[in-house]
2 protein chains.
Amino acid sequence: MTDRRPSTVKDVAASAGVGIATVSRVFSGTGSVSPATRDRVLAAARALDYRPSALGRGLKLRRSGGIGLIVPDVTDPFCAELVAGVLACARTLGEHVIVDAAGGDPAREAEIVERLAEQRVDGVIAMPAGDEADWRGAARVCSSVVFAGRVLPGPPDVPDVPSVLADDAGGVRAVTEYLAGLGHRRIAFLGAVPGGPPRVRERAFRATLAQLGVPVEEDLVVAARPARDAAYAAAAGLLQRRGDVTAVLAAGHLLGEAAVLVARELDLRVPADVSIAMVDDVAWAELCDPPLTAVARPARDIGYRACELVLREPARRGRGGPVLLPTELVVRGSCGPPRAQRRRRRGNPAD
Amino acid sequence: MTDRRPSTVKDVAASAGVGIATVSRVFSGTGSVSPATRDRVLAAARALDYRPSALGRGLKLRRSGGIGLIVPDVTDPFCAELVAGVLACARTLGEHVIVDAAGGDPAREAEIVERLAEQRVDGVIAMPAGDEADWRGAARVCSSVVFAGRVLPGPPDVPDVPSVLADDAGGVRAVTEYLAGLGHRRIAFLGAVPGGPPRVRERAFRATLAQLGVPVEEDLVVAARPARDAAYAAAAGLLQRRGDVTAVLAAGHLLGEAAVLVARELDLRVPADVSIAMVDDVAWAELCDPPLTAVARPARDIGYRACELVLREPARRGRGGPVLLPTELVVRGSCGPPRAQRRRRRGNPAD
DNA sequence: AAACCCCATGGAAACGTTTCCATGCGAGGG
DNA sequence: CCCTCGCATGGAAACGTTTCCATGGGGTTT
């Protein structure tokens, strides 16, 4: 039936009685074309339903006019917000975005990068999971890579991949100071990263407590992979083992979710029995009962900024370390003064 | 610097001492190449860090090897889940996905479709907002369009755009029967679509009640745009105006959120004073207190299936009406038997 | 032994753009 | 009046791939 092939510059040129170069000039905006000719070309194009082929153009220009975006999981609220930011910025710059989810798997990340390189994307934005080495290779493969929302665990020696991050340290400091200011002394940190050296949130937590003269009990810093089951197990372990904690700072929304569910399961009232706060202000924080105090990371801005960085400012890339965007402490009802010292649930004396 | 241009078939051919046709055959998998030659080509390619250009291939093949995906908002949990499904399927089929958000604006949708057409995508999956006319044009422009998760409000005359949907009617029927079965008689439907004829959920709600012999009070069917503010306003209006409703069925998660917040604001206990259920089982439904009963739509499956449809089964497309995927009623604690007939807000609730 | 066929291979022509370069032409200055 | 300059325009060459077609050679069949 109507599976006519799309019309091309050649068709338009013939129909308008001009050369193909002129048609190209009209559509690419370069060069000069007399108004009369331009009108004639545009009319012909409209009549033929002409639509310039991005493939032809890309081939000639050696760029596709699109960028790649790699996140661990598009259904994660933070990632989704970040994606939205990237889309918003890309739209203003007239680029399209190829999105893919790596599921936190370095091998899949590498695979996606490979594919994006074949697509000749103009740049790649990634929320990385893999290790330094993988990405150093990737940076070689792709024109430009920007990390957004997360960086690699590797040694912070030469940060040759530019990045846009939330000021996690500042956010954790703020919420830790807030909890300490309410009078808490036994504050748990839920969500240390299992292997390897402590990451920025844990470090900020420790540093803030130290600065406030509150001793850090190793027992209260619990590691957990960022997955629902692991988070729940970690939270359950913590709250059962240490009935005397008066506040829990969850390092991410999955951890916060776990803390809330476990507290409910153990019949702990929030914040009367235990205060809960978390990093990442997701939608449900407000719907919780009580609503959860959280450190809001500007996920959308991070995405937007990363996109600007990768497309507009190739010069600034990598200079001056990561771009840090401010967090905000959103105080809701889930934190209060600590309950007077007393045991609850067959507590084990651990102090 | 190392801004060498990427190597091409020509480079590889020269380096391996073969013709470019042979290199192409090795990488595209077509034709036959002797093992020895193949190895030589692969070695040369590896040495040169060769990566076939998707642009060149796309130009020749007249297809980009990617599909377009248009959703209203990637941060919406349902959309995000749908996107994840599409990505999963596209991955298995070796295609990439260009994602964009239209914000529910038909003009933006049209613009995105235009852009995708320029990219010569192999197909488009859309959760549409625009009206029938727009999309009929789009379908002409693009090779193939599939609707996912939502269809157009237009008359269901000639469904020439294939679609993959949740069985909303079944889901609403199930939850309505459940509420009626608990004894509710004054059940509100929150989230009728403002303009135009009633959509499938409202129709199913009315039909089910009619079938059960429960009269539908027009006053209890309230319209609301699917936005936070509108949802909240609608919910507040409903619950303040009609203190005698014993159950609210929210037609979407934003509406459900609004119902929960308004109920809390009005000091209505759930489910003692009012039962709440909603369509769309999002993460916070379980974190709510009490956890919310919801109709789960298989968003991920919908995305996956839509992607299969658009890529694998061009023949089946459009035949036999929309593909309906089953919903599931997830019963949690937010619904109970109706309170004995009495006015709400009779002073201070004893807590 | 001759005819044949299939396989491996290379050359060359697309695919649809952009852009360099050449051409023609009208206007303005010497 | 001629030279020059600038502008509008067209032809043609790239960009990197796939694929048709031709070619040559070795093995099989008669």
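Computed from a predicted structure; not experimentally measured. Only this structure's heavy atoms are used, side chains among them; waters, hydrogens and symmetry mates stay out. Note on naming: letters A, B, ... go to the chains in the order of the sequence lines (proteins, then strands), and numbering restarts at 1 for each one.
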Touch class at under 4.0 angstrom, heavy-atom based, for B:G17 against every strand present: sugar-phosphate
Touch class at under 4.0 angstrom, heavy-atom based, for B:G19 against every strand present: sugar-phosphate
Any A:V86 side-chain heavy atom under 4.5 Å of A:C307 side chain: yes
Check: A:R25 side chain, D:dG10 base, donor-acceptor under 3.5 Å: yes
Length of the CG-C1' vector between A:D49 and C:dG16, whole Å: 16 Å
Non-hydrogen atoms of A:V41 and A:A16 that approach each other most closely: CA-CB, 4.1 Å
Touch class at under 4.0 angstrom, heavy-atom based, for B:V33 against every strand present: sugar-phosphate
Closest listed nucleotide, where the reference is the side chain of A:S53 and the choices are D:dG16, C:dT17, D:dT19: C:dT17
Whole angstrom value for the distance that separates C1' of D:dC15 from CZ of B:R5: 9 Å
Separation of atom NZ in B:K10 from atom C1' in C:dG10, rounded to whole Å: 14 Å
Protein-nucleotide distance (A:R63, atom CZ; D:dG16, atom C1'), rounded to Å: 17 Å
Qualifying residue for side chain to side chain contact (heavy atoms under 4.5 Å, CB included) with B:I67, from B:V146, B:L93, B:V97, B:L116: B:V97
For atom CZ of B:F27 and atom P of D:dT18, their distance in whole Å: 10 Å
Side-chain touch B:I98/B:L69, heavy atoms, less than 4.5 angstrom: no
Phosphate contact (D:dT9 OP1 or OP2) by A:S32 side-chain N/O below 4.0 Å: no
Toward the 5' end of DNA chain D, by each residue's nearest nucleotide, B:G56 or B:A21: B:G56
Side chain to side chain, B:I125 and B:I70, heavy atoms closer than 4.5 Å: no
B:S24 vs D:dT18: side-chain N/O to OP1/OP2 distance below 4.0 Å: yes
side-chain N/O B:T22 vs C:dT9 OP1/OP2, d < 4.0 Å: no
Closest to the A:I20 side chain, choosing from C:dA8, D:dT19, D:dA12: D:dA12
Atom-to-atom span, NZ of A:K60 to P of D:dA12 - whole angstrom: 16 Å
Side-chain N,O (A:R62) to OP1/OP2 (D:dG16) below 4.0 Å: yes
Euclidean distance, atom CG of residue A:L61 to atom C1' of D:dG16 [Å, nearest integer]: 14 Å
Shortest non-hydrogen contact between B:A299 and B:E81, atoms and distance: CB-CB, 3.5 Å
Distance below 4.0 Å between A:S34 side-chain N/O and D:dT9 OP1 or OP2: yes
Length of the CZ-C1' vector between B:R51 and D:dT17, whole Å: 16 Å
B:L59 side-chain proximity, nearest of D:dT18, D:dG16, C:dT17: D:dG16
